[in-house]
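Beneath this line is the structure, given in structure tokens, with notes to follow.
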Amino acid sequence: MTESWATFGADLHLHLDLSTRRGLRAGLTEALREAARSGRLAAGTRLPSSRTLAADLGIARNTVAEAYAELVAEGWLTARQGSGTRVAERARPRRSAAAAPVRRPARKGPAYSLIPGSPDLGGFPRAAWLSAARRALTDAPNEAFGYAADPRGRIELRQALAGYLARARGVYADPERIVLCAGFLHGLALLAGALRARRVRDVAVEGYGLDFHRDLLVRAGLRTRPLGVDGEGARTGELTAAAGAVLLTPAHQFPTGVALTPARRAAAVDWARTTGGLILEDDYDGEFRYDRQSVGALQGLDPDRVVYLGTASKSLAPGLRMGWMVVPPGLLEEVLAAKRPTDWACGALDQLTLAEFIASGAYDRHVRGMRLRYRRRRDELVAAVGDRVGVSGIAAGLHAVLDLPEGLERSVLQSAAWQDLALHGLGRFRHPESGLPGRDALVVGYGTPSDSAWAPTLAALSAALP
């Protein structure tokens, strides 16, 4: 008898068409019925609770409960006190040679994912966000429903962010210098335009980083020059006057996970002051530090030479398209000039909702809860694989680096594909012009799976490792 429902719970959303015209309950009922009929959901399999499955699918708990009740009445499921809801023991239907095969929805991608860069979307605080949205909508001034007058964004959110960033990240954030944008890439695109207007040609970047960040800078007409990265972070001592700016992830280098040391922070600021260059600080997951006191933002060392960039993509959800920049006074007008012609930042009501969410304390409570959740996952990851591979970069953030024996990165990625697991190797993040030595490793995004998918995803990873 199969005792675990986790494997099915992990990929149910890949087989359930929630857009069915018959409604959510009918779609869920049919998906479960077909899974039991075809044998994909084995007899005796214990299903998730209605609360858990509803949270994973983003639907009402009553919808799941009603689907379960209907299938119990039909005999496909059984429900007993203390035993939960299980697939009923049924005789496997006999099929003739001419019987048509069971049609199943096409899978949209791998069943499991440990791709870094995404939070657990099931952890989005729907109820608290809805409450904040109602209060924000009730209190919104009439002019909030018109065309935006200030390209920096709503003053309510800029004021809320100024207070939050000062106390949580050590950022000097005057509301007048905060510019709201639709995520990090939008902010980086605006900065690239401002740098081009200053006739900057070269931007230094970390030797390991995201290729689409580098690609955006190149499309803007800028050249990217890689800096070395080691156990102390980016080698900022390699910065020269040839670069007009440098893009850094100082609190938690992506993807290696190390924090930029105080000496290298000081070297970066000294370079900026000496050459007139700018530091672009990507503080993508600064709220999530687990084993020691938070590492403050680099911007606090010199607010006139550092552009601070943050988003709600990791703390809340990337679908909000909500980001912000704290811009030095001397660069503000150039950034706003780049933003005005194509101001496609997030809507005013979403800005007002986030402002209310922060001001009410709901944002802090949510971050604290998610910090505990992700720390538990990190600890479970280390416990599952730490005796087989080296694990690093785990003091903060939503991903870890698993070091592999030399030459095994490609074969482990292939093994992960056989396990139906989406996974990235460290090599994909290396700058093509970087002189860094090859390092075989995996970059594991443990924040990505839903709660019900976590156990089978971890099992798939363990099976893929040497």
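The figures that follow rest on heavy atoms only: side chains count, while hydrogens, waters and symmetry mates do not. Counting from 1, the numbers follow the sequence of the chain as shown.
Residue R198 qualifies as enclosed at atom CZ: its count of foreign heavy atoms under 6.0 Å is above 12. Within 6.0 Å of CD in Q414 there are more than 12 heavy atoms belonging to other residues, nucleotides or ligands. Taking a 6.0 Å sphere around CZ of R201, one finds it holds more than 12 heavy atoms contributed by other residues, nucleotides or ligands. Within a 6.0 Å radius of CZ in F124, more than 12 heavy atoms belonging to other residues, nucleotides or ligands are found.
Ring planes of H399 and Y284: parallel class, angle under 30° (limits at 30 and 60°). Ring planes of H213 and F184: tilted class, angle from 30 to 60°.
In this structure a side-chain-to-backbone donor-acceptor pair under 3.5 Å is missing from R225 to A243. In terms of modelled atom types and a separation under 3.5 Å, the side chain of R388 and the main chain of S462 share a donor-acceptor contact. Panel note: side chain Q299, backbone V326; no donor-acceptor pair is recorded below 3.5 Å. Although no hydrogens or angles enter the test, the distance criterion places a donor-acceptor pair under 3.5 Å between the side chain of R305 and the main chain of G276. Looking only at distances, a side-chain donor or acceptor of R158 sits under 3.5 Å from a matching main-chain atom of G153. Using modelled atom types, no side-chain atom of E356 and backbone atom of A136 make a donor-acceptor pair closer than 3.5 Å. Under a 3.5 Å cut-off, the side chain of E206 and the backbone N or O of T249 do form a donor-acceptor pair. Distance alone, capped at 3.5 Å, is enough to place a donor-acceptor pair between the R377 side chain and the P449 backbone. T353 places a side-chain N or O within donor-acceptor distance of the main-chain N or O of L349, the cut-off being under 3.5 Å.
Across all non-hydrogen atoms, the minimal contact from Y446 to A396 is OH-O, 4.1 Å. For the residue pair A400 and I394, the shortest heavy atom distance occurs at CB-CG2, 3.5 Å. Counting all heavy atoms, side chain and backbone alike, Y172 lies closest to P303 at CB-CG, 3.8 Å. Considering every non-hydrogen atom in both P456 and Y112, the closest pair reads CB-CE2, 3.8 Å. Nearest approach of L413 to G425, heavy atoms of both residues: CD2-N, 3.8 Å. For the residue pair Y208 and R439, the shortest heavy atom distance occurs at OH-CB, 4.0 Å.
The shortest side-chain heavy-atom distance between S450 and D120 falls under the 4.5 Å cut-off. Looking at L442 and V389, their side chains never come closer than 4.5 Å, going by heavy atoms from C-beta outward. Proximity of L210 to F429: side-chain heavy atoms (C-beta onward) are separated by under 4.5 Å at one or more points. Annotation: side chain of L47 is not in contact with side chain of L53 (no heavy-atom distance under 4.5 Å). Y363 places a side-chain heavy atom less than 4.5 Å from the side chain of E287. Considering only heavy atoms from C-beta on, P119 comes within 4.5 Å of P318 through its side chain. F254 places none of its side-chain heavy atoms less than 4.5 Å from the side chain of D282. Residues P405 and D440 fail the side-chain proximity criterion, which asks for heavy atoms closer than 4.5 Å.
Distance check: L239 CG to T274 OG1 gives 11.0 Å after rounding to the nearest 0.5 Å. With values rounded to the nearest 0.5 angstrom, L161 atom CG is found 6.5 Å from L180 atom CG. To the nearest 0.5 Å, atom OG1 of residue T240 and atom CG of residue L227 are 9.0 Å apart. Of the inter-residue distances, the one linking L423 atom CG with S113 atom OG reads 8.5 Å to the nearest 0.5 angstrom. For the atom pair M325 CE and L188 CG, the distance stands at 9.5 Å (nearest 0.5 Å). Put simply, CG on L301 and CZ on R273 are 7.5 Å apart, with the number rounded to the nearest 0.5 Å.
Of the charged side-chain nitrogens involved, at least one lies within less than 4.0 Å of a carboxylate oxygen, so that D451 and R373 count as a salt-bridged pair. Salt bridge status for R152 with E176: present, with a side-chain N to carboxylate O gap under 4.0 Å.
For R264 and T236, the side-chain atoms include no donor-acceptor pair closer than 3.5 Å.
Ring-centre distance between Y290 and Y374: not below the 6.0 Å cut-off.
Exactly one of T224, D211, V229 qualifies for a side-chain contact (heavy atoms from CB on, under 4.5 Å) with H431. That residue is T224.
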